[in-house]
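Encoded as structure tokens, the structure appears first; notes follow it.
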Amino acid sequence: DALALAAMSDVPLPRLMFRRPSMMTFATITLSIYFHHLESDLIAQDSAPLVIESRTRQIRAGFFDQTSELWSNTGLLLATSEQMVWFKE
């Protein structure tokens with residue numbers, strides 16, 4: 001359902017975690033989710049795995065952005081998200 005899809009939009013690990021050698025403190029500042037699906041798309045998806053692709057455009061001064069795309073198992077774009085994240089090293 002749409003609520004589960006919204007929750008899945010915040011699942012990807014922050015891209016910064018793959019660039020730093022140790023754990024750090026971080027918190028989401030803003031999160032916007034855009035739904036692109038029809039109700040029938042979610043019914044067809046059922047509980048099949050999603051494909052999630054995430055990217056960061058810039059890491060600077062204790063903040064970074066992250067965008068994510070959530071795709072169905074049949075290649076339909078179901079949702080996109082954008083977030084700004086604060087971190088402390």
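Count residues from 1 along the sequence.
Contacts of Phe35 classified as ring-ring contact (aromatic ring centres under 6.0 Å, His included), with partners at least two apart in sequence or in another chain: His37. Under the rule for a side-chain hydrogen bond (donor to acceptor under 3.5 Å, both in side chains), the partners of Thr74 that lie at least two apart in sequence or sit in another chain are Ser72. Every side-chain contact (heavy atoms from CB on, under 4.5 Å) that Glu39 has, sequence neighbours left out, goes to Ile43. The side-chain hydrogen bond (donor to acceptor under 3.5 Å, both in side chains) test applied to Glu53 returns Arg55, not counting sequence neighbours. Evaluation of the side-chain hydrogen bond (donor to acceptor under 3.5 Å, both in side chains) rule for Thr80 yields His36 as partners, not counting sequence neighbours. Partners of Asp46 under the side-chain contact (heavy atoms from CB on, under 4.5 Å) rule, at least two apart in sequence or in another chain, do not exist in this structure. Judged as a side-chain hydrogen bond (donor to acceptor under 3.5 Å, both in side chains), and not counting sequence neighbours, the contacts of Trp71 are Glu69. In this view, Ala48 and Gln45, Asn73 satisfy the side-chain contact (heavy atoms from CB on, under 4.5 Å) rule, not counting sequence neighbours. Listed by chain and residue number, Leu38 satisfy the side-chain contact (heavy atoms from CB on, under 4.5 Å) test with Ser40 (two or more places apart in sequence, or in another chain).
Side-chain contact check for Ser9 and Ser81: no donor-acceptor pair (N or O, by modelled atom type) lies under 3.5 Å.
Cluster annotation: Leu77 and Leu50 are assigned to distinct hydrophobic clusters (Ile/Leu/Val/Met/Phe/Trp/Tyr, side-chain heavy-atom contacts under 4.5 Å, transitive). Criterion: ILVMFWY side-chain heavy atoms under 4.5 Å apart, direct or through other members. Under it, Met23 and Val11 are not part of a common hydrophobic cluster. Leu78 and Val51 are not part of a single hydrophobic cluster, where members link through side-chain heavy atoms under 4.5 Å apart.
Ile52 and Pro12 get closest at one heavy-atom pair: CG2-CG, 3.6 Å.
The distance from atom CD of Glu82 to atom OG of Ser32, rounded to the nearest 0.5 Å, is 7.0 Å.
The closest side-chain heavy-atom distance from Phe63 to Phe87 is not below 4.5 Å.
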Check against side chain to side chain contact (heavy atoms under 4.5 Å, CB included), Val85 and Asp65: CA-CA 6 Å; Val85 180; Asp65 69 318; over 6 Å; no
Could you list the donor-acceptor pairs under 3.5 angstrom formed between side-chain atoms of residues 24-31 and any protein atom two or more places apart in sequence or on another chain?
residue: Thr28; atom: OG1; partner: Gln83; partner atom: OE1; Å: 3.0
residue: Thr30; atom: OG1; partner: Met84; partner atom: N; Å: 3.4

